2 protein chains.
Amino acid sequence: MSQAVQKVDVFQAIADPTRRDVLHLLSERNQSIAEISSHFDISRTAVVKHLNVLTEAGLVRGEKNGREKIYYLQFEPLKELKDWLAYYEQFWHNKLTKLKFVVENDQ
Amino acid sequence: MSQAVQKVDVFQAIADPTRRDVLHLLSERNQSIAEISSHFDISRTAVVKHLNVLTEAGLVRGEKNGREKIYYLQFEPLKELKDWLAYYEQFWHNKLTKLKFVVENDQ
DNA sequence: CTAATATAAAACCTATAGGTGTTATTTAGA
DNA sequence: TCTAAATAACACCTATAGGTTTTATATTAG
């Protein structure tokens with residue numbers, strides 16, 4: 001199989017503020033676990049757990065490089081979020097359009 | 001004050017699949033607690049708890065109508081999600097642009 | 001080959017998310 | 001005005017998310 005089954009969905013993965021911070025850090029630069037951890041007050045083990053959740057959601061990928069493990073951002077799972085959001089944007093757009101119609105035809 | 005402080009953020013609110021289902025139901029039709037509950041296997045009390053979380057996040061609004069309480073969707077908090085997502089879309093767009101440049105200038 | 005560095009793995013703790021059932025309270029309608 | 005319907009308010013249970021510390025395994029640099 002090309003890709004392991006996704007155990008954590010993107011909604012759950014980005015629910016935690018620390019994990020969102022990790023994603024932001026990785027958007028600035030690919031980093032090792034040690035580098036990432038240095039930005040947080042929590043233990044390195046805790047950071048690794050968050051990285052595991054993000055990995056299971058497919059939002060990041062870790063590659064061993066010598067004794068380091070470098071983490072990279074992955075965009076693909078955010079597409080699901082984008083689609084989900086698009087549905088409600090469309091919903092809202094329709095509602096506003098109807099409202100506009102009512103206002104214009106009201107006296 | 002016009003609006004209570006937001007106790008639950010939108011990321012947390014949409015993390016639960018049941019709550020996402022509730023939002024979807026409300027996008028089809030404004031509904032009472034009883035109506036919403038009828039679509040789920042969990043107890044009405046549990047549904048109410050989810051509605052409370054969604055309310056605290058500002059994603060829904062409940063209005064008493066006689067002995068019923070009708071729930072409505074609210075779009076506004078989704079803007080934060082949209083902005084968050086836009087950042088990573090931009091990030092990805094830039095990355096692809098750079099990649100394209102490299103490919104085109106490579107031999 | 002050994003010391004130091006970086007990560008992995010395991011066992012454990014605690015707060016809380018998501019669920020339950022039971023008991024008020026409010027309101028509509030015969 | 002009494003009963004049934006709809007919601008609100010409690011008290012309670014259990015799994016797990018998010019954190020800790022400790023111990024083991026790889027890997028690089030002298």
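Everything numeric in this text was worked out from a predicted model, so none of it was measured. Because only heavy atoms are used, hydrogens play no part in the values below, and waters and symmetry mates are left out as well, while side chains stay in.
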Subject >> Nearest non-hydrogen partners of Q31(B) and L25(B), listed with the distance >> reply: NE2-O, 3.1 Å

Subject >> I42(B) CD1 - dG21(C) P separation (whole Å) >> reply: 12 Å

**OP:** Let me know the distance between CZ of F40(A) and C1' of dT20(D), rounded to the nearest Å.
**Re:** 17 Å

**OP:** Taking side-chain hydrogen bond (donor to acceptor under 3.5 Å, both in side chains) as the test, write out the residues that go with E28(A), two or more places apart.
**Re:** none

Original post:
Rounded to whole angstrom units, what separation is found between the CG atom of L54(B) and the C1' atom of dG18(C)?
Top reply: 13 Å

Subject >> Any R44(A) side-chain nitrogen or oxygen under 4.0 Å from OP1 or OP2 of dA6(C) >> reply: no

Show me the donor-acceptor pairs within less than 3.5 Å that the side chains of residues 58-66 of chain B make with the rest of the protein, sequence neighbours left out.
from, atom 1, to, atom 2, distance (Å)
R61(B), NE, Q74(B), OE1, 3.0
R61(B), NH1, E63(B), OE2, 2.4
R61(B), NH2, Q74(B), OE1, 3.4

Original post:
Are V8(B) and N52(B) side-chain neighbours, meaning at least one heavy-atom pair lies under 4.5 Å?
Top reply: no

Original post:
Which parts of residues 12-36 of chain B get close to DNA chain D, meaning a heavy atom less than 4.0 angstrom away?
Top reply: S32(B), I33(B), A34(B)

**OP:** Check the distance between dA8(C)'s C1' and Y71(A)'s OH and give it to me in whole angstrom.
**Re:** 10 Å

Subject >> Atom-to-atom span, CG of N52(B) to P of dT7(D) - whole angstrom >> reply: 13 Å

Donor-acceptor list for residues 86-93 of chain B side chains, cut-off 3.5 Å, not counting sequence neighbours:
from, atom 1, to, atom 2, distance (Å)
Y87(B), OH, S27(A), OG, 2.7
Y88(B), OH, H24(A), N, 3.1
E89(B), OE2, K82(A), NZ, 3.1
Q90(B), NE2, N94(B), OD1, 3.1

**OP:** Please list, chain by chain and in numerical order, all residues satisfying side-chain contact (heavy atoms from CB on, under 4.5 Å) with S38(B), sequence neighbours excluded.
**Re:** none

Subject >> With sequence neighbours excluded, residues passing ring-ring contact (aromatic ring centres under 6.0 Å, His included) with Y71(A) >> reply: none

Original post:
Separation of K69(A) atom NZ from dT5(C) atom C1', in whole Å?
Top reply: 17 Å

Could you run down the sub-3.5 Å N/O contacts of the protein with nucleotides 23-30 of chain D?
from, atom 1, to, atom 2, distance (Å)
dT27(D), O2, R67(A), NH1, 3.4

Original post:
So does H50(B) get a side-chain nitrogen or oxygen closer than 4.0 Å to the phosphate oxygens (OP1/OP2) of dA17(C)?
Top reply: no

**OP:** List for me each residue that meets salt bridge (Lys or Arg N to Asp or Glu O under 4.0 Å) alongside R44(A), sequence neighbours excluded, and say none if there are none.
**Re:** none

Original post:
Should side-chain heavy atoms under 4.5 Å link Ile, Leu, Val, Met, Phe, Trp and Tyr, which residues sit in the same cluster as I70(B)?
Top reply: Y72(B)

Subject >> Nearest-angstrom distance from the residue atom CD of E68(B) to C1' of dA5(D) >> reply: 9 Å

Original post:
Can you name the salt bridge (Lys or Arg N to Asp or Glu O under 4.0 Å) partners of R20(B), sequence neighbours left out?
Top reply: D9(A)

Subject >> Between dA6(D) (P) and L51(B) (CG): distance, integer Å >> reply: 16 Å

**OP:** Identify, with sequence neighbours excluded, every residue that meets side-chain contact (heavy atoms from CB on, under 4.5 Å) alongside S43(B).
**Re:** T45(B), A46(B)

Original post:
Within the structure, does a side-chain N or O atom of S43(A) lie under 4.0 Å from either OP1 or OP2 of dT20(D)?
Top reply: yes

Identify the pairs formed between an N or O of the protein and an N or O of nucleotides 10-12 of chain D at a distance under 3.5 Å, and give each distance.
none

